[in-house]
There are 2 protein chains.
Amino acid sequence: MTMRADLLNHAETLARTRGIDAFSYADLAAATGIRKASVHYHFATKADLTLALIEDYSTRIVETLDHMKDQSANAASALAGFLSLYRNALGDGDSLCLCVAFSASTDSLPATTLARVETFRHDVTDWLAGQFQRAREDGSIREVTDPRKEAAALFALVEGAQLVARAARNSDRFTDAVSQFSDRLIMGVTQ
Amino acid sequence: MTMRADLLNHAETLARTRGIDAFSYADLAAATGIRKASVHYHFATKADLTLALIEDYSTRIVETLDHMKDQSANAASALAGFLSLYRNALGDGDSLCLCVAFSASTDSLPATTLARVETFRHDVTDWLAGQFQRAREDGSIREVTDPRKEAAALFALVEGAQLVARAARNSDRFTDAVSQFSDRLIMGVTQ
DNA sequence: GTCTATATACCGATAGAC
DNA sequence: GTCTATCGGTATATAGAC
């Protein structure tokens, strides 16, 4: 693995467990075994680092979602996969997904990074709306109203559930908050 | 108004608009017209300040909710008031409620403050569960399932909707995210 | 209660040698 | 690419005069 990739991995972990403001180039240097000045060689400013973080993350998650869409038997199982993705990002209640971590520290992030996060939010919300539309056709989710409203509501729900669960250091709070939505999923057929 | 109260007011505004980490005793001194050292006279450490903030805030909000409960014609109008409270806290999309602001920076807050925030979350969730129970009796909300599940879901929804709306600097995102829930409220009779 | 002055620590970032 | 050394800025917090 390249040093750049190693730095990005540690930076993502630190950002998601401690928050963007709560880790420094010194922490990153300690984690990778090089010196602060060498970290600056790879990412000249923290603005550059945060932008690289959200770009890598966004690409990875969008690919995962597209794969879920293609492999799922119906909309319900695709959305169950989506819930698992956000549930797993919590770990033992000590980690957030990068999108929530970045949304929680808008003040310390440069405009270009924030714009990229907003693009990611739109991508995910579009994906969700697509699955709710699919559910209107395959009948795998109970009482779907407007797919776009459903998507906006579910996105806010999982982000809020992560925030609460991580603040309480208890991942069960996530499960509790989304359980009502989970109950609307009719898994049926395949899985 | 006492200097202590003046400091708390400005600190709450700064915490909600910029975040806990992003304001300093220097900002607080500039806002109130006294010097940094004088701020330390009123709140020796930032830990003391954050604890005072959540205690004041919690008392105020719990009183507001109890008043809403007593004055409302039914559960639906009480919950409509709850949504307005969180919607208004957003301002023009540039402010969070203190609970979300604190949940977003758990790393820089002392354990006693975090414990007080968790108590506040329980108080609000209990209030919500009470209103959903009330709705099962007055029929003012469509298809209420388990009141405790409904409460956990609605709390996560409004916190997540605030986070997203504030990150996008657009309060409409809050309204969009909660619109599906709003549609379940049957306002009817009085208001 | 408020002030000036200061202590101590850490931050992001840069210069320049190797 | 990585290093040592350092700059300028800001943070929380304290000492002691008024």
Side-chain angles (χ1 to χ4, degrees), chain A residues 1-56 98 101-102 104-114 116, chain B residues 1-54 56 101-102 104-114 116:
Chain A
M1 180 159 43
T2 66
M3 181 54 73
R4 181 191 157 90
D6 200 24
L7 284 164
L8 281 175
N9 280 345
H10 281 104
E12 183 180 323
T13 302
L14 287 165
R16 290 174 48 188
T17 53
R18 292 198 212 163
I20 316 291
D21 304 316
F23 83 91
S24 66
Y25 271 50
D27 296 318
L28 219 41
T32 52
I34 61 175
R35 297 304 192 129
K36 268 201 309 177
S38 308
V39 180
H40 279 282
Y41 169 79
H42 294 281
F43 300 99
T45 68
K46 210 169 178 181
D48 296 326
L49 175 61
T50 60
L51 185 58
L53 277 175
I54 186 61
E55 281 176 345
D56 272 32
L98 196 66
F102 275 25
S105 340
T106 54
D107 284 285
S108 45
L109 293 170
T112 48
T113 300
L114 291 176
R116 191 65 188 75
Chain B
M1 180 160 43
T2 66
M3 181 54 74
R4 182 192 157 89
D6 199 25
L7 284 164
L8 281 175
N9 281 344
H10 281 103
E12 183 180 323
T13 302
L14 287 166
R16 290 174 48 189
T17 53
R18 291 197 213 164
I20 316 291
D21 304 316
F23 84 92
S24 65
Y25 271 49
D27 296 319
L28 219 41
T32 53
I34 61 176
R35 297 304 193 131
K36 274 198 301 179
S38 307
V39 180
H40 278 282
Y41 168 81
H42 295 280
F43 301 99
T45 68
K46 210 170 179 180
D48 296 326
L49 174 61
T50 60
L51 185 59
L53 277 175
I54 186 62
D56 272 33
F102 275 24
S105 341
T106 53
D107 284 286
S108 45
L109 293 170
T112 49
T113 300
L114 291 176
R116 191 65 188 77

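Only this structure's heavy atoms are used, side chains among them; waters, hydrogens and symmetry mates stay out. Each chain gets a letter, A, B and so on, in the order its sequence line appears, and its residues count up from 1.
- Distance CZ (B:R35) to P (D:dA17): 19 Å, rounded to an integer number of Å.
- Contact detail for B:A22 and A:D107: the closest heavy-atom pair is CB-CB, 4.3 Å.
- Annotation: of the two residues near DNA chain C, A:F43 and B:A37, the 5′-most nearest-nucleotide partner is B:A37.
- At a threshold of 4.0 angstrom between heavy atoms, the contacts of B:Y25 are confined to the sugar-phosphate backbone, with no base atom among them.
- Nucleotide C:dC10 holds its P atom 15 Å from the NZ atom of A:K46, rounded to whole Å.
- The phosphate of C:dG1 has neither OP1 nor OP2 within less than 4.0 Å of any side-chain N or O from B:H40.
- Rounded to a whole Å, the CZ atom of B:R4 is 13 Å from the P atom of C:dT2.
- When all heavy atoms of B:F43 and B:R4 are compared, the pair lying nearest together is CE2-NH1, 3.5 Å.
- For C:dT2, neither phosphate oxygen OP1 nor OP2 lies less than 4.0 angstrom from any side-chain nitrogen or oxygen of B:Y41.
- Which of C:dC3, D:dT6, D:dT4 sits closest to the side chain of A:K36 comes down to D:dT6.
- Between the CZ atom of B:F23 and the C1' atom of D:dA11 there is a distance of 13 Å, rounded to whole Å.
- Contact between the side-chain N/O atoms of B:S24 and the OP1/OP2 oxygens of D:dA11 is found at a separation under 4.0 Å.
- A donor-acceptor pair shorter than 3.5 Å cannot be found between the side chains of A:T32 and A:D6.
- When all heavy atoms are compared, the tightest approach of B:A101 to B:R16 is CB-CA, 4.4 Å.
- In the set D:dG1, C:dA13, D:dC3, the nucleotide with an atom closest to the side chain of A:H42 is D:dG1.
- Residue A:S38 places none of its side-chain N or O atoms closer than 4.0 Å to OP1 or OP2 of D:dG1.
- Rounded to whole Å, the distance from CG on B:L7 to P on C:dG1 is 12 Å.
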